[in-house]
Amino acid sequence: MLSIGGITIIQVYWVRKAFDLKENQFNRDVNSALRAVATQLYTINKNAISENNPVVQISSNYFTVNINTPIDNNLLGFLIKNEFKKKNITDEYEYATYDCMEQCMVGGNYFSPKKILDQQETIATIPLLQNDGYYFGVQFPHVEATLISQMGIWGFSSAVLFIVILFFVYTLFVILKQRRLSEVQKDFINNMTHEFKTPISTIAISTEVLKQPSIIQTPERLLNYATIIQTENNRLQQQVERVLQMARLEKQDIELKKEVSDIHELIQSAVNNINLSLHEKNGAIELQLNAQSHQLLVDKLHFTNVIFNLLDNAIKYSDSIPTIKVITYSTQKNFTLEIIDNGIGISSENQKKIFHRFYRIPTGNIHDVKGFGLGLSYVKLIVEAHKGKISLTSEPMKGSTFGINLPLL
C-alpha cells in the first residue's frame with residue numbers, strides 16, 4: 001500500500017513537472033512570436049524599436065503587446081498568423097486591438113482549425129486593461145487542454161498506473177474478503193464443535209452406562225438413560241437439519257408451500273413451542289395482537305420457524321429475566337409484526353452483519369450462548385422469500401426490536 005502511494009506521488013510530481021515544462025516552452029514561443037510581431041510593426045510604422053520587451057503575460061492564456069502607434073487590424077492578423085506558424089503554435093487563439101479614442105477593444109478575429117467566431121463575439125472575450133496607450137491582446141481559450149493532449153507518454157503512463165492501482169485495490173479487496181470468510185469459517189467450526197460436543201459426550205456416557213450388565217436390574221434407570229440418548233439424538237438431528245436447511249436455501253432449492261394462514265395463530269403456536277425455554281428463565285411474553293387484517297399467504301412451517309427463532313434469540317440473549325412483547329398491526333397494504341425484548345442489545349457495528357450467514361457477535365472463547373449463527377440469516381431469507389422486509393432497532397443493554405413487514409392479500 002505504501003509503495004503504491006509512493007509511486008502515485010512520484011507520478012503526479014513528474015506529470016506536473018512535465019506540464020510545467022510544456023507550459024513554459026509554450027509561453028516562451030508565444031512571447032518570442034509576439035515580440036517579432038511588435039518589431040515588424042515598429043519597422044512598418046517607422047518607429048524606433050523599444051529596448052524593453054513590449055510583451056506582457058497577464059495570465060496563463062492571455063498576452064498583451066504595447067505598441068506606441070495605431071495598429072492596422074488586418075496587418076496584425078497576418079503578422080500574428082505568420083509568426084505563430086514559424087513557432088509551430090497551432091492552438092486556437094483570438095486577438096483584438098485597443099482603440100485609444102473609443103477606449104475599447106476593436107477589430108480582431110478568432111483562428112481555429114475547427115470553427116470561426118464572429119468579430120463581436122471575439123471582442124467580447126478579450127479582457128480590457130486600464131491603459132491609455134496602443135496595444136493588442138492575444139488570448140488562448142483552450143491552452144491547458146492543448147498542453148495536456150501533447151503530453152503523450154505521460155498520459156499513457158498515468159493511465160497504466162491508474163489501471164495498476166485499480167487491480168491492486170481489487171486484489172486487496174479480494175484478500176480482505178477471503179480473510180473475512182476464513183474467520184467466519186473458523187468461527188462456524190468452533191461453534192459447531194461446541195454445539196455437537198455436548199450431546200455426543202452425553203450420548204457416549206449414557207451408552208457406557210447402558211453397557212453395564214447391572215442396568216437390567218433397574219428398569220427406571222435404563223429408561224432414563226435411553227430417554228437421554230433419544231433427546232440428545234434429536235438435538236443433533238435438529239442442528240444438522242439447520243445446516244442442511246441453510247444449504248438448500250443458499251442454492252434456492254427450497255420450495256415454499258404458501259397458503260392463506262392466520263398469522264396470529266402461527267404466533268400463538270410459536271409461543272407455545274417456546275414456553276418451556278421461557279419458563280426455565282422465569283420469563284414472560286406479552287401478546288398485543290392488534291392487527292385488523294392478519295390473513296396472509298405464507299408457508300406455515302417456515303414462517304412459524306421465523307417467529308420461533310426470534311423468540312428463541314430474545315430468550316437466549318437476555319442476561320436477566322426475559323420480558324418479551326409481540327405486537328402486530330396492519331395498514332391497508334401491509335402487515336407488521338414486532339418482537340421487542342429486554343436483552344443485551346446489539347451494537348450498531350454488529351447490526352450491519354447480524355443477518356449474515358454464520359455470523360455471531362464476537363465473545364472471545366466464551367460460548368455461553370449456543371448456536372451456529374444461522375438463525376437470523378434463515379429469518380431474513382424466509383421473510384424476503386415472502387416478499388417482505390425485516391428491520392432491527394437496538395442499543396447495547398437496552399434490548400432489541402425486530403420488525404417484519406409483509407404485504408397483505
Side-chain angles (χ1 to χ4, degrees), residues 180-181 183-196 199 234-259 261 263 266-267 269-274 277-278 296-318 324 326 328 335-341 343-344 346 350-363 367 369-394 400-407:
R180 184 181 65 82
L181 291 175
E183 291 174 352
V184 169
Q185 183 184 37
K186 182 179 178 181
D187 290 341
F188 171 71
I189 292 173
N190 289 335
N191 291 329
M192 185 173 64
T193 301
H194 281 274
E195 285 291 300
F196 285 171
N234 291 337
R235 182 178 171 186
L236 280 173
Q237 286 181 336
Q238 289 176 0
Q239 301 293 7
V240 172
E241 182 60 29
R242 285 186 184 181
V243 177
L244 294 177
Q245 194 175 58
M246 286 302 301
R248 289 195 298 270
L249 284 170
E250 189 68 18
K251 295 179 181 179
Q252 298 181 345
D253 290 339
I254 193 167
E255 294 183 4
L256 295 178
K257 299 177 181 179
K258 293 183 180 181
E259 55 184 300
S261 306
I263 300 300
L266 300 185
I267 293 173
S269 175
V271 169
N272 293 336
N273 292 336
I274 206 73
S277 299
L278 189 64
L296 278 74
L297 188 64
V298 298
D299 184 300
K300 286 185 176 182
L301 175 62
H302 285 292
F303 201 78
T304 302
N305 287 340
V306 165
I307 302 170
F308 180 87
N309 282 343
L310 293 177
L311 294 175
D312 186 47
N313 281 347
I315 296 171
K316 288 194 300 184
Y317 292 97
S318 176
I324 305 169
V326 179
T328 65
F335 171 89
T336 301
L337 164 65
E338 290 185 352
I339 297 179
I340 306 171
D341 65 56
I344 60 176
I346 304 169
N350 286 315
Q351 287 180 33
K352 301 175 182 177
K353 307 173 184 177
I354 201 70
F355 293 104
H356 292 177
R357 193 163 56 115
F358 302 128
Y359 182 81
R360 300 190 72 203
I361 297 175
T363 57
H367 295 269
V369 179
K370 305 298 182 181
F372 292 153
L374 297 175
L376 289 178
S377 176
Y378 168 78
V379 167
K380 185 173 185 291
L381 286 171
I382 294 299
V383 170
E384 291 180 348
H386 285 83
K387 310 298 182 184
K389 295 180 180 179
I390 184 167
S391 61
L392 169 62
T393 303
S394 182
S400 303
T401 300
F402 286 90
I404 296 175
N405 191 274
L406 294 171

Approximate separation, where rounding is to 0.5 Å, of [X] [atom1] and [Y] [atom2]:
X      : Y      : atom1 : atom2 : result
Ile274 : Asp312 : CD1   : CG    : 4.5 Å
Leu301 : Leu266 : CG    : CG    : 10.0 Å
Leu256 : Ile382 : CG    : CD1   : 5.5 Å
Lys300 : Ile263 : NZ    : CD1   : 10.0 Å
Asn313 : Ile339 : CG    : CD1   : 9.5 Å
Leu310 : Ile307 : CG    : CD1   : 8.0 Å

How close do Ser400 and Leu392 get, counting heavy atoms only, and between which atoms? CB-CD1, 4.1 Å
Looking only at non-hydrogen atoms, find the nearest pair between Ile346 and Ser394 and report the distance. N-OG, 2.8 Å
Taking the side chain as everything from C-beta on, heavy atoms only, tell me whether Val326 gets closer than 4.5 Å to Leu311. yes
Does Ile390 reach the side chain of Val306, with side-chain heavy atoms less than 4.5 Å apart? no
Is a side-chain N or O of [X] found less than 3.5 angstrom from the main chain of [Y], in a donor-acceptor match?
X      : Y      : result
Glu338 : Thr401 : no
Asn405 : Thr336 : no
His386 : Asp299 : yes

Taking the six-membered ring for Trp, are Phe402 and Phe355 parallel (under 30°), tilted (30 to 60°) or perpendicular (over 60°)? perpendicular
side-chain contact (heavy atoms from CB on, under 4.5 Å) involving Thr328 - partner list, sequence neighbours excluded: His264, Ile267, Leu289, Ala291, Phe335, Leu337
Residue Lys258 excluded, over 12 heavy atoms near NZ under 6.0 Å: yes
